[in-house]
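Ligands are counted one by one from 1 in listed order, and the atoms in each one are counted from 1 as well.
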Amino acid sequence: MTAPRIGLTADLFDSRGRPMFGTGPLDLLAQAGLTWTRLPPDGGAIDPAAVADFDALLIGGSRLGEASLARDGGRLRIVARNGVGHDAVDGAALARRGILLTNSPVAVRHPVAAMALAFMLALGMRLPLKARLAREARWAERGDFPGTGLPGRTLAIVGVGGIGRELVRLVQPFGMRILAADPFVAPAQLAGLPVELMPLEAALAQADFVVIACLLNETTRKLIDAPRLALMKPTAFLINVARGPIVDEAALIAALQAGSIAGAGLDVFEREPADPANPLLAMDTVIATPHSLCWTDGFVDGVARDAIKGIVAAMQGRLPDHVVNPDAIGHGRVGQWLGKSAGPA
Ligand SMILES: NC(=O)C1=CN([C@@H]2O[C@H](COP(=O)(O)OP(=O)(O)OC[C@H]3O[C@@H](n4cnc5c(N)ncnc54)[C@H](O)[C@@H]3O)[C@@H](O)[C@H]2O)C=CC1
Ligand SMILES: O=C(O)C(=O)COP(=O)(O)O
């Protein structure tokens with residue numbers, strides 16, 4: 001039996017070639033006698049060779065669809081998403097071959113909700129503009145730009161899953177009214193939370209701050225389109241911490257240019273990396289960050305630890321936590337390795 005091979009996608013490394021989560025999470029592999037390999041840059045989609053030759057993959061934002069599975073030889077046990085959103089991975093195609101797909105939903109909650117709150121505070125206080133006034137010695141103008149405080153204002157959260165509910169908890173001290181639009185959340189999940197569940201349109205029309213925190217799928221693609229943006233107040237801010245394609249970007253640009261909404265906080269874009277010519281990047285009313293504002297120490301370490309624990313479990317013949325394509329579990333391929341270690345390191 002050959003030593004198990006574990007591949008890490010190239011986008012999990014920083015610009016100097018170091019794992020972006022430091023070495024701590026990788027120690028979990030070493031402690032289990034497992035070694036890892038950095039995969040070559042994949043141009044955005046997992047190379048079929050990675051599926052042919054590896055027992056486990058830890059993946060950042062790379063796409064993995066049927067094309068990536070062309071050389072599957074039956075060896076790959078698990079694809080672990082280093083994050084929670086798995087819209088770029090075809091979990092059903094993996095399940096058909098008996099390959100587990102896992103994600104890391106726990107460690108993301110606080111940092112991503114905190115990122116949404118950071119956008120709310122920074123947009124409301126006009127932080128980038130005020131920082132520029134100081135840098136350019138324009139103190140005389142500081143009274144020209146009153147901000148928007150959070151107390152007494154209305155927050156609408158689109159998607160009250162793990163991140164959305166953490167945001168509800170985080171904004172408690174600010175005394176906001178909190179609306180939620182989520183057709184699929186179980187009422188029990190909102191029990192005890194001071195949230196008014198309502199249709200999206202009603203929430204958009206009343207909100208001063210709208211935070212997108214739902215997943216991307218075919219029901220949420222362009223969910224925030226021109227007619228829905230038109231429902232928002234001209235004083236309201238839109239914040240997207242989830243996935244770019246949930247918002248119709250051309251419609252958002254038009255709404256900002258027309259002043260029909262006050263501003264936007266965007267960590268995610270329809271196309272990533274965002275085109276440098278994207279007008280959103282040049283607007284004074286927009287704070288844009290490169291899909292990484294929440295990458296604090298706790299986020300990068302915690303997410304990678306959870307994902308790597310899943311890989312260790314599968315390599316040791318155990319079912320990992322947070323399997324997002326449970327249909328894979330009944331497949332004969334899983335039956336062949338369950339209870340069996342992937343082999344000596
Ligand atoms: N910018 C970043 O770095 C990060 C972005 N994310 C994104 O945040 C998303 C949410 O993460 P979690 O809260 O952990 O996921 P989750 O699965 O716990 O919650 C997603 C929520 O969206 C809701 N939803 C589904 N369809 C909807 C619709 N049509 N309208 C409104 N709500 C709808 C679901 O019912 C669920 O409550 C992830 O899927 C990911 O795309 C997550 C982590 C980091
Ligand atoms: O967890 C997610 O869905 C994220 O977007 C964060 O993970 P990433 O930064 O894409 O590796």
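- The option with the heavy atom closest to atom 23 (C) of ligand 1, from among Leu216, Asp182, Leu223, is Asp182.
- Remark: ligand 1 atoms within the under-4.0 Å shell around heavy atoms of Met115 are 1 (N), 2 (C).
- The ligand atoms of ligand 1 that sit less than 4.0 angstrom from a heavy atom of Thr220 are 26 (N), 27 (C), 28 (C), 29 (N).
- In this structure a side-chain-to-backbone donor-acceptor pair under 3.5 Å is missing from Asp327 to Ala95.
- At a 3.5 angstrom cut-off on N or O pairs, Gly164 does not count as close to ligand 1.
- With hydrogens and angles disregarded, a donor-acceptor distance shorter than 3.5 Å links the side chain of Thr220 to the backbone of Leu215.
- Atoms of ligand 1 lying under 4.0 Å from any heavy atom of Val112, numbered from 1 in the order shown and given with element: 43 (C), 44 (C).
- Proximity of a side-chain donor or acceptor of Asp182 to a complementary backbone N or O of Val185 within less than 3.5 Å is detected.
- Under a cutoff of 6.0 Å and an axis angle of 45°, Arg5 and Phe54 form a cation-pi pair.
- Less than 4.0 angstrom separates some heavy atom of Val241 from each of these atoms of ligand 1: 1 (N), 2 (C), 4 (C), 5 (C), 6 (N).
- Applying the side-chain hydrogen bond (donor to acceptor under 3.5 Å, both in side chains) test between Gln206 and each of Lys233, Arg177, Glu196 identifies Arg177 as the sole match.
- Under a 4.0 Å criterion applied to the non-hydrogen atoms of Val84, ligand 1 contributes the atoms 11 (O), 14 (O), 38 (C), 42 (C), 43 (C).
- Between Arg243 and ligand 1, at least one pair of N/O atoms sits closer than 3.5 Å.
- Residue Val160 touches ligand 1 through its backbone alone, judged by heavy-atom distances below 4.0 Å.
- Residue contacts with ligand 1 do not include Gln189, since none of its heavy atoms lies under 4.0 Å from the ligand.
- Residue-to-ligand polar distances keep Val108 apart from ligand 1: every N/O pair is separated by 3.5 Å or more.
- Listed for the Ser104 side chain is no donor-acceptor partner under 3.5 Å among the backbone atoms of Asn82.
- At least one heavy atom of Ala213 sits less than 4.0 Å from an atom of ligand 1.
- Taking a cut-off of under 4.0 Å to the non-hydrogen atoms of His291, the atoms of ligand 1 that pass are 1 (N), 2 (C), 3 (O).
- Remark: the Asn278 side chain and the Glu270 side chain contain no N/O donor-acceptor pair separated by less than 3.5 Å.
- Atoms of ligand 1 lying under 4.0 Å from any heavy atom of Cys294, numbered from 1 in the order shown and given with element: 3 (O).
- Cation-pi check for Arg38 over Phe13 is met; the charged atom lies under 6.0 angstrom from the ring centroid and within 45 degrees of its normal.
- Between the side chain of Ser68 and the main chain of Glu66, no donor-acceptor pair closer than 3.5 Å is present.
- For ligand 1, the atoms closer than 4.0 angstrom to any heavy atom of Thr219 are 29 (N).
- For the residues Ala203, Cys214, Gly85, Gly244, the heavy atom positioned nearest atom 9 (C) of ligand 1 is part of Cys214.
- Of the polar atoms of Asp87, none of the N or O atoms is found under 3.5 Å from an N or O of ligand 1, judged by distance alone.
- Judged as a salt bridge (Lys or Arg N to Asp or Glu O under 4.0 Å), and not counting sequence neighbours, the contacts of Arg138 are Glu136, Glu141.
- Evaluated by nearest non-hydrogen atom to atom 30 (N) of ligand 1, the leading choice among Ser292, Pro183, Gly159 is Pro183.
- For Asp284 and Arg132, the salt-bridge test passes: some basic side-chain N is under 4.0 Å from an acidic carboxylate O.
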